There are 2 protein chains.
Amino acid sequence: MGNSVKQLAVLGSTGSIGRQTLEVVRALPHKFHIIGLAGGKNIDLLAEQIKEFKPRFVYCQDREAGSHLVNAECEFLSLEDIARQPQVDTVVMATSGSSGLRPTLAAAKAGKNVALANKESLVMAGEIIINEAKLNAAQILPIDSEHSAIWQCLRGETQPAAQLILTASGGPFCHYSPDQLNGVTTEQALKHPSWQMGRKVTIDSATLMNKGLEVIEAHWLFNMSFDSIKVLIHPQSIIHSMVEFIDGSIKAQLSYPDMRLPIQYALTYPERLPNPQFPKLDWGIINNLSFEQPDFDTFPCLKLAIEAGRKGGTYPAVVCAADEVAVELFLWQRIKFIDIANLVGQALEQHQAIAHPSLEEIMAADAWARQRVLKLASGDSSC
Amino acid sequence: MGNSVKQLAVLGSTGSIGRQTLEVVRALPHKFHIIGLAGGKNIDLLAEQIKEFKPRFVYCQDREAGSHLVNAECEFLSLEDIARQPQVDTVVMATSGSSGLRPTLAAAKAGKNVALANKESLVMAGEIIINEAKLNAAQILPIDSEHSAIWQCLRGETQPAAQLILTASGGPFCHYSPDQLNGVTTEQALKHPSWQMGRKVTIDSATLMNKGLEVIEAHWLFNMSFDSIKVLIHPQSIIHSMVEFIDGSIKAQLSYPDMRLPIQYALTYPERLPNPQFPKLDWGIINNLSFEQPDFDTFPCLKLAIEAGRKGGTYPAVVCAADEVAVELFLWQRIKFIDIANLVGQALEQHQAIAHPSLEEIMAADAWARQRVLKLASGDSSC
């Protein structure tokens, strides 16, 4: 295994996780070959990546622009078709938002290793994806730092965990009062204290929605009940999460906040490889790690997401979709920061949920929630 | 494996680790049977333990008193003979000091599981014990909380660690100046801030000698170079140690300081079992974990032990024996606290070391060091 070259398809290669994935590939050129690249709106960057990595399969959102990218050596395919190509060993799901759902499912059905950074797909359709992965012997390898930490702590353990403890930086507004939150700007919300991430996930970190979605993701990835998943605020973002075992022993995984480490771990697993680009923790500098309980009242998105996860059915899809639209509206400065939670909460209240939904029912709930939030934001609160 | 009853011989059953081992056995009566008990000077407690656990093999230091303890159902044997009895599955080495060396070696030669709390045996004769354990397929299962933490963090990892980080509470005199240390009393030194332990190891924690010996122990247990073992002061004693892997990822093991957890882990390994007596970490209370670099100048024992470990040969045996006598002298109030390091340092300087020593050469170095410290303490500094 150590000597074979893994064929990677990176879906979402121009985003934050995609770019960092390619950094890992550059650092370990003997380990990986890029066979597929799919980018979003940044056509120039995608063109550069294609020039550098010479993938066989290419996709971009803008089909017109995409047609200029393909050449005699590469083929334009849909995300799902790239994910299921027989030559692909590992699909890196680095797209953001619900667009990752269908390609993740395609990869699971094709029995691929799925290095998953797109949490929305598991949140929206965890039951379907996990079942397909089991049926087709696909491995879901988490890339989120928290889930990678839990996965690393569970390594070699033969019994189920007693509790997962997901750490959260608390975001830039950790000790803000409701009044202070009322006045925060998009600029303030986009400044995360410890992580460099994409815009959507940065806002989700500020509302703690991100942590709520991660709780749902952990529920599916590690087959743990919601009662056994706790959230703990840890502002330094050094401990990325912890696992408590049935004897009360706890294991934690630590590193500086750098997404390339969990990305590489997922790609090289079960091997670990040195990477000189990764900063080593310096215990001459780190003299304090602090912890506090999350404030569910000031950050209602956390509660909304966990409650939606507990209820299950189409509720988590509604949280995802409603949040995606609400965050967009906030980034466009159309709504206030605190309105993100208000809009998601209203959408959830008005939703007629379906238990154990099909993919079509999930996508219908997603579409409904998007419309609903747009209507609610424009002042129309009728169901 | 989960259903078989393990036959335990507890050597040092009346000491701190021995008593806590029996607490674990009481909590999990379906898992263990006590087949051997060996106590020190506390004959009354040993008699009670014999009455409760009805072992087949018994030993106590005072042979005369021991003859009153045996009855028709149990036999008086030496520590080594108990360790090598064919019916014994696991030997818990809970004696303190160098008296643990020969029975540990006997257990290793007999291919037993050796749940090892007696660090002196590995410090004095690590090379011999580890080689015998390999030859005879004996498993050395660490009970020291630091080494148990490392062992738990290494679980399931298939590649060597890059670095071990042994945490240390720093003891009761963590930020004392040399002047302050000069005046500390035995009462002050016997008050450890976070651990309840025997008297010898409590003093060793105050001088940091204990941590130095643990570095040597870790070197042998985990086959790590001294350059790859670091010591980090962590006053709360919640993180019991950490392992850094070659990709820079670090795993840590956490719990309240309670020796019963590492004892139970060693006894039930690879299984983990719930034990309602163990306190669970309460993250509503723990809000801060702090770290600092050790002060090698103020606590010279730490440096002396690690240097002796690096030099190898009979030096580590001299550190152990010299320290054992020096601590006794301090407990009898015959020398000052700071004289412990002075005496150990002088004994090391005067020692004519032997590389790759035999057991006899190690025991000779041990005897020499004991005599030397007594002489030095009485004012005789001639070699």
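Note that the structure is a prediction, hence the values are computed from the model and not measured. Lettering follows sequence order; numbering is per chain, from 1.
- You'll find the side chain of A/L154 reaches within 4.5 Å of the side chain of A/F245, heavy atoms only.
- Every side chain to side chain contact (heavy atoms under 4.5 Å, CB included) that A/P294 has, sequence neighbours left out, goes to A/V231, A/I233, A/F296, A/L302.
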Give every donor-acceptor pair between chain A and chain B closer than 3.5 Å, one pair per line, or write none.
| from | atom 1 | to | atom 2 | distance (Å) |
| --- | --- | --- | --- | --- |
| A/Q152 | O | B/K251 | NZ | 2.7 |
| A/Q152 | OE1 | B/S249 | OG | 2.7 |
| A/R155 | NE | B/G156 | O | 3.0 |
| A/G156 | O | B/R155 | NE | 3.0 |
| A/E157 | OE1 | B/R272 | NE | 2.8 |
| A/E157 | OE2 | B/R272 | NH2 | 2.9 |
| A/Q159 | OE1 | B/R272 | N | 2.6 |
| A/Q159 | NE2 | B/R272 | O | 2.8 |
| A/D247 | OD1 | B/R272 | NH1 | 3.3 |
| A/D247 | OD2 | B/R272 | NH1 | 2.9 |
| A/S249 | OG | B/Q152 | OE1 | 2.7 |
| A/S249 | OG | B/Q253 | NE2 | 2.9 |
| A/I250 | N | B/L254 | O | 3.0 |
| A/I250 | O | B/L254 | N | 2.7 |
| A/K251 | NZ | B/Q152 | O | 2.8 |
| A/A252 | N | B/A252 | O | 2.9 |
| A/A252 | O | B/A252 | N | 2.9 |
| A/Q253 | NE2 | B/S249 | OG | 2.9 |
| A/L254 | N | B/I250 | O | 2.7 |
| A/L254 | O | B/I250 | N | 2.9 |
| A/R272 | N | B/Q159 | OE1 | 2.6 |
| A/R272 | O | B/Q159 | NE2 | 2.8 |
| A/R272 | NE | B/E157 | OE1 | 2.8 |
| A/R272 | NH1 | B/D247 | OD1 | 3.3 |
| A/R272 | NH1 | B/D247 | OD2 | 2.9 |
| A/R272 | NH2 | B/E157 | OE2 | 2.8 |
| A/W283 | O | B/Q293 | NE2 | 3.1 |
| A/N287 | O | B/F291 | N | 3.0 |
| A/N288 | OD1 | B/N288 | ND2 | 3.2 |
| A/N288 | ND2 | B/N288 | OD1 | 3.2 |
| A/L289 | N | B/L289 | O | 2.7 |
| A/L289 | O | B/L289 | N | 2.7 |
| A/F291 | N | B/N287 | O | 3.0 |
| A/Q293 | NE2 | B/W283 | O | 3.1 |

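- When each of B/P274, B/C153, B/P276 is scored by its heavy-atom pairs under 4.5 Å with chain A, the top score falls to B/P274.
- Between A/V10 and A/G18, the closest heavy-atom pair is CG1-CA, 4.1 Å.
- B/F53 has its side chain within reach of B/V25: a pair of non-hydrogen atoms, C-beta onward, lies under 4.5 Å apart.
- Side-chain contact check for A/L166 versus A/L232: every heavy-atom pair is 4.5 Å or farther apart.
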**Report entry** Full working for side chain to side chain contact (heavy atoms under 4.5 Å, CB included) between A/L8 and A/L267
**Finding:** CA-CA 9 Å; A/L8 303 186; A/L267 296 184; 3.9 Å; yes
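- Taking B/I246, B/I239, B/L261, B/L273 one by one and counting their heavy-atom pairs under 4.5 Å with chain A, the maximum is reached by B/I246.
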Requested in this report: For B/L281 and B/I238, run side chain to side chain contact (heavy atoms under 4.5 Å, CB included): C-alpha distance rounded to whole Å, both residues' side-chain angles, the deciding distance at 0.1 Å, then the answer.
Outcome: CA-CA 9 Å; B/L281 269 196; B/I238 296 293; 3.9 Å; yes
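- Only the side chain of B/I165 has a heavy atom closer than 4.5 Å to any heavy atom of chain A.
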